[in-house]
S.K.: 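Below is the structure I would like to discuss, written out as structure tokens.
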Amino acid sequence: MLLLLFFFGINAVLAVVAQAPCIELNDGNKIPVLALGTGRGTAKETETLEDVRNAVLWAIEAGYRHIDTAAVYDDEEQVGQGIADAIAKGIVTREQIFVTTKLWNDKHARDQVVPALRESLKRLGLDYVDLYLIHFPVSTKSDGSPDNIDYLDTWKGMEEARQLGLTRSIGVSNFNLSQIDRLVANCQVRPAVNEFEVNPTLTQEPLVSHCHSLGIAVMSYSPFGFLVSRKRDDAPPPKYDDPTLGAMAAKYGKTPGQIVLRYLIERGLIPIPKSTNKKRLAENINIFDFQLTEDEVATISRFNKNTRVISIDAWKDYPNYPF
Ligand SMILES: NC(=O)c1ccc[n+]([C@@H]2O[C@H](COP(=O)([O-])OP(=O)(O)OC[C@H]3O[C@@H](n4cnc5c(N)ncnc54)[C@H](OP(=O)(O)O)[C@@H]3O)[C@@H](O)[C@H]2O)c1
Ligand SMILES: *[C@@H]1O[C@H](CO)[C@@H](O)[C@H](O)[C@H]1NC(C)=O
């Protein structure tokens, strides 16, 4: 009887807080399959950096164990404060949180990588991150003009950062298929992750399956695609009120946003939804109690238009432009 009570007691606690399962990376480290995005590209004008700190704390309270930031987001300090708040409240230990940050384009010289990561760690208030990514294959000078540093050299700096224990895993972001192949053919440590845009209008099947076949996990950014406002008149479907997504949402008692995040989970991806809203960020992790069918996944994939939310057209003439 006591045992039974104990059992139901534990279950009741588990039911309150949603948790994302972990998968194993190719270096043996474990990564939670959902991350909180803290990039500020979609932030409303009224949003402040203090909102990032609160969002990180609320996210950890809601069960998130993975936070995605970057040097260029200018919010590593607030991300670190939110994590420190959660640790101070006794919700988690540092070891239970997975922190991803990224090297910016103007620090691609091999000997700039470790110092850049040390700067990120100082801002985060941490002595290691779990995952460090090359943000883009493109390199620039500090004024933003094109540089021509080979990302294979940058990667050597990433391997050194890992060797020093400043990051547990290393990976890349926005690398295309040929760049992944060239890196894999010329590295000591294979990238654990490639982070790039995947959503219903940019399904990226070839790049996803290629990365997966090489043992490289895929983190999918801008997971909501054009469901959320991107301030564009020519935004392709699906929008938030799309009837196909609406029918699936009604069937499972979920929202269209949750359907799209679950779609990415079914495809073996690690979505990175951004929210600074307490209710929506809790909603976004509440996707681990239902499954979509193969047909439903295929139906959502048919929205594909190869249309990007994130464009880096300004760099299209720079060496190593990936898109
Ligand atoms: N590696 C890269 O180059 C790269 C590029 C872009 C993005 N990223 C990463 O990916 C993350 C996410 O991408 P993103 O910021 O472009 O877009 P996103 O997560 O697809 O969308 C964020 C927008 O959706 C809203 N939202 C969040 N949850 C919602 C819900 N349940 N229902 C309705 N609206 C919702 C947010 O508003 P509220 O905050 O008001 O909820 C915000 O306006 C970034 O934060 C960043 O960490 C990486
Ligand atoms: C990847 O980017 C490189 C550098 O711009 C380009 O030469 C190559 O064709 C691209 N590959 C794919 C598969 O898009």
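Please read all numbers here as calculations on a predicted model, not as lab measurements.
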S.K.: Inspect the surroundings of CD in Gln163 and state if more than 12 heavy atoms from other residues, nucleotides or ligands are less than 6.0 Å away.
M.R.: no

S.K.: Examine the side chains of Ser301 and Tyr263 and answer whether a donor and an acceptor come within less than 3.5 Å of each other.
M.R.: yes

S.K.: Does Glu95 come within less than 4.0 Å of Arg168, counting only side-chain N to carboxylate O?
M.R.: yes

S.K.: Is the shortest side-chain heavy-atom distance between Pro273 and Phe224 below 4.5 Å?
M.R.: yes

S.K.: Begin from the C-alpha positions of Ser145 and Asp143 and carry the test side chain to side chain donor-acceptor pair (under 3.5 Å) through to its verdict.
M.R.: CA-CA 6 Å; Ser145 63; Asp143 66 1; 2.6 Å; yes

S.K.: Are there over 12 heavy-atom neighbours, none belonging to Lys305, within less than 6.0 Å of that residue's NZ?
M.R.: yes

S.K.: Going by distance alone, is a donor N or O of one side chain under 3.5 Å from an acceptor N or O of the other, for Asp130 and His66?
M.R.: no

S.K.: Run the numbers on Asn54 and Gln78 for side chain to side chain contact (heavy atoms under 4.5 Å, CB included), then give the verdict.
M.R.: CA-CA 8 Å; Asn54 289 329; Gln78 288 72 24; over 6 Å; no

S.K.: Does the side chain of Val309 reach to within under 4.5 Å of the side chain of Phe226, using non-hydrogen atoms?
M.R.: yes

S.K.: Is the closest basic N to carboxylate O distance between Glu119 and Lys122 below 4.0 Å?
M.R.: yes

S.K.: Tell me yes or no: between the side chains of Tyr64 and Asn284, is some donor less than 3.5 Å from an acceptor?
M.R.: no

S.K.: Contact between Val172 and Pro137 at the side-chain level, heavy atoms closer than 4.5 Å - yes or no?
M.R.: no

S.K.: Could Asp68 and Lys274 be called an ion pair, given the rule that one side-chain N must be under 4.0 Å from one carboxylate O?
M.R.: no

S.K.: Please determine if Arg262 and Asp289 form a salt bridge, counting it only when a charged side-chain N lies under 4.0 Å from a carboxylate O.
M.R.: no

S.K.: Would you sort out whether Phe290 and Ile259 count as a side chain to side chain contact (heavy atoms under 4.5 Å, CB included), showing the intermediate values?
M.R.: CA-CA 10 Å; Phe290 78 111; Ile259 295 295; 4.0 Å; yes

S.K.: Just checking, is any N or O donor in the side chain of Asp75 or Thr69 under 3.5 Å from an acceptor N or O on the other one?
M.R.: yes

S.K.: Applying a strict under-4.5 Å side-chain criterion to I, L, V, M, F, W and Y, I'd like to know whether Leu152 and Tyr132 cluster together.
M.R.: yes

S.K.: Taking 4.0 angstrom as the limit, do Glu47 and Lys44 come out as a salt bridge?
M.R.: yes

S.K.: Please examine the side chains of Thr307 and Arg232, heavy atoms only from C-beta on, and report whether any two atoms are closer than 4.5 Å.
M.R.: yes

S.K.: With side chains defined as the heavy atoms from C-beta onward, is the minimum distance between Gln81 and Glu77 less than 4.5 Å?
M.R.: yes

S.K.: Do Asn199 and Ser222 pair up side chain to side chain, a donor and an acceptor below 3.5 Å, judged on atom types alone?
M.R.: no

S.K.: Which atom names give the shortest non-hydrogen contact between Ala249 and Thr255, and what distance separates them?
M.R.: CB-C, 3.8 Å

S.K.: For Tyr128, is the NZ or CZ atom of Arg94 found under 6.0 angstrom from the centre of its six-membered ring and inside 45 degrees of the ring axis?
M.R.: yes

S.K.: So do Asn174 and His135 actually touch side chain to side chain, heavy atoms under 4.5 Å?
M.R.: yes

S.K.: Is the closest basic N to carboxylate O distance between Asp51 and Arg40 below 4.0 Å?
M.R.: no

S.K.: State, with a plain yes or no, whether a side-chain heavy atom of Ile312 is found less than 4.5 Å away from one of Pro322.
M.R.: yes

S.K.: Do NZ/NE/NH1/NH2 and the carboxylate oxygens of Asp153 and Lys156 come within less than 4.0 Å?
M.R.: yes

